[in-house]
Peer 1: 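This is the structure I want to talk about, given as structure tokens.
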Amino acid sequence: GEDVEQSLFLSVREGDSSVINCTYTDSSSTYLYWYKQEPGAGLQLLTYIFSNMDMKQDQRLTVLLNKKDKHLSLRIADTQTGDSAIYFCAESTGSGNTGKLIFGQGTTLQVKP
Amino acid sequence: KAGVTQTPRYLIKTRGQQVTLSCSPISGHRSVSWYQQTPGQGLQFLFEYFSETQRNKGNFPGRFSGRQFSNSRSEMNVSTLELGDSALYLCASSLGGDSPLHFGNGTRLTVT
């Protein structure tokens, strides 16, 4: 069945790069997403990548997709304390099901000053 | 452009009661999806509406229902509340097609 896996916790120093990893199982996924959740808030869309792309860069964020291994990563350059949050990877479940995303458990990013 | 608006932000109900949550999507968005977020189960898909029709449904009991109005606003209803229904309920909207989902800040439901 559909499943998305993420490591649960990552701790980095301010100014370092953070890399959050995700694996998924549905090979028919059309889009893969990264969302950020701060305490008491909803999900903020950070970036997304179409399944026929290998990489997408958006300011400090770089998404890498290895479709063969079904592996997705989010790199945050020059990580700041304001980046401390939970990061969720999600996959769409194919064309026509775009309202239904399968989410990972979330990775808590702790940024130490 | 205003984001996805969910009301109320917090709600406390008693077991056995029913509750209605409301969601106003981003202007122009016709698809509205609902998710339940709990510490144990994470984020789980409830259902999706598009042009007033339920397009997709997750694995939740029939106590969970929803609807969408002609202005794309959506409501979800939970009847006969159980303690396990305590969760953050998130609404998301999109243009439909392959456009990404944008989430609201959620309604925190506590069942006592």
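Any value given below was found using the heavy atoms of this structure, including those in side chains, with hydrogens, waters and symmetry copies removed. Each chain gets a letter, A, B and so on, in the order the sequences are listed, and its residues count up from 1.
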Peer 1: Treating Ile, Leu, Val, Met, Phe, Trp and Tyr as nodes and any side-chain heavy-atom pair under 4.5 angstrom as an edge, say whether A:Leu65 and A:Leu61 lie in one connected cluster.
Peer 2: yes
Peer 1: Would you tabulate the side-chain donor-acceptor contacts of residues 69-79 of chain B under 3.5 Å, counting partners in other chains and residues two or more places apart, or write 'none'?
Peer 2:
from    : atom 1 : to      : atom 2 : distance (Å)
B:Asn71 : OD1    : B:Arg73 : N      : 3.1
B:Ser72 : OG     : B:His29 : O      : 3.3
B:Arg73 : NH1    : B:Ser22 : OG     : 2.9
B:Arg73 : NH1    : B:Glu75 : OE2    : 3.4
B:Ser74 : OG     : B:Trp34 : NE1    : 2.9
B:Ser74 : OG     : B:Arg67 : O      : 2.9
B:Glu75 : OE1    : B:Arg67 : NE     : 3.4
B:Glu75 : OE1    : B:Arg67 : NH2    : 3.3
B:Asn77 : ND2    : B:Gln18 : OE1    : 2.5
B:Asn77 : ND2    : B:Val19 : O      : 3.3
B:Asn77 : ND2    : B:Thr20 : OG1    : 3.0

Peer 1: Is it the backbone or the side chain of B:Gln6 that comes under 4.5 Å from a heavy atom of chain A, or both, or neither?
Peer 2: neither
Peer 1: Using a 6.0 Å cut-off, check whether atom NZ of B:Lys57 has over 12 heavy atoms from anything other than its own residue.
Peer 2: yes
Peer 1: Side chain, backbone, both or neither: which part of A:Gln44 has a heavy atom under 4.5 Å from chain B?
Peer 2: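 Neither the backbone nor the side chain of A:Gln44 comes within 4.5 Å of chain B.
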Peer 1: Tell me, for B:Leu90 versus chain A, whether the close heavy atoms (under 4.5 Å) come from the side chain, the backbone, both or neither.
Peer 2: side chain
Peer 1: With a 4.5 angstrom heavy-atom cut-off, is it the side chain or the backbone of B:Leu46 that approaches chain A, or both, or neither?
Peer 2: neither
Peer 1: Please look at B:Tyr35 and chain A and tell me whether the side chain, the backbone, both or neither of the residue comes under 4.5 angstrom of a heavy atom of that chain.
Peer 2: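 Contact with chain A is through the side chain of B:Tyr35 alone.
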Peer 1: Heavy-atom distances under 4.5 Å only: say whether A:Leu43 touches chain B with side chain, backbone, both or neither.
Peer 2: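 Backbone plus side chain of A:Leu43, per the 4.5 Å heavy-atom cut-off to chain B.
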Peer 1: Test of understanding: clusters of I, L, V, M, F, W, Y form through side-chain heavy atoms closer than 4.5 Å, transitively. Do B:Val4 and A:Tyr35 belong to the same one?
Peer 2: no
Peer 1: If you take all heavy atoms of A:Gly99 and B:Ser33, which pair is closest and at what distance?
Peer 2: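 Looking at all heavy atoms of both residues, the closest pair is O-OG, 3.0 Å.
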Peer 1: Crowded around B:Arg15 CZ? As in, over 12 foreign heavy atoms under 6.0 Å?
Peer 2: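 Counting other residues, nucleotides and ligands, CZ of B:Arg15 stays at 12 neighbours or fewer.
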Peer 1: Can you tell which part of B:Ser99 gets under 4.5 Å to a heavy atom of chain A, answering side chain, backbone, both or neither?
Peer 2: backbone
Peer 1: Kindly check if the number of other-residue, nucleotide or ligand heavy atoms within 6.0 Å of CD1 (B:Ile12) is above 12?
Peer 2: no
Peer 1: For residues A:Gln37 and B:Leu88, determine if any side-chain heavy atom of one lies less than 4.5 Å from a side-chain heavy atom of the other.
Peer 2: yes
Peer 1: From B:Gln44 CD over to A:Lys100 NZ, what is the distance, rounded to the nearest 0.5 angstrom?
Peer 2: 10.5 Å
Peer 1: If you check every heavy atom in residues 102-112 of chain B against those of chain A, which residues fall under 4.5 Å?
Peer 2: B:His102, B:Phe103, B:Gly104, B:Asn105
Peer 1: Under 4.5 Å between side-chain heavy atoms, counting indirect links through other Ile/Leu/Val/Met/Phe/Trp/Tyr residues: same cluster for A:Leu64 and A:Ile76 or not?
Peer 2: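 No, it is not one cluster - the side chains of A:Leu64 and A:Ile76 are not joined through contacts under 4.5 Å.
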Peer 1: For the OG atom of B:Ser94 and the CG atom of A:Leu101, what is their distance to the nearest 0.5 Å?
Peer 2: 9.0 Å
Peer 1: Are B:Leu11 and B:Phe60 connected, step by step, through hydrophobic side chains (Ile, Leu, Val, Met, Phe, Trp, Tyr) whose heavy atoms are closer than 4.5 Å?
Peer 2: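 Yes; B:Phe60 is reachable from B:Leu11 via cluster members.
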Peer 1: Just wondering, more than 12 heavy atoms not from A:Asp58 lying within 6.0 Å of its CG?
Peer 2: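 Yes, because the 6.0 Å sphere around CG of A:Asp58 holds more than 12 heavy atoms from other groups.
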Peer 1: With clusters defined by side-chain heavy atoms of hydrophobic residues (ILVMFWY) lying less than 4.5 Å apart, directly or transitively, does A:Leu46 cluster with A:Tyr31?
Peer 2: yes
Peer 1: Please look at A:Phe50 and chain B and tell me whether the side chain, the backbone, both or neither of the residue comes under 4.5 angstrom of a heavy atom of that chain.
Peer 2: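 No part of A:Phe50 comes within 4.5 Å of chain B.
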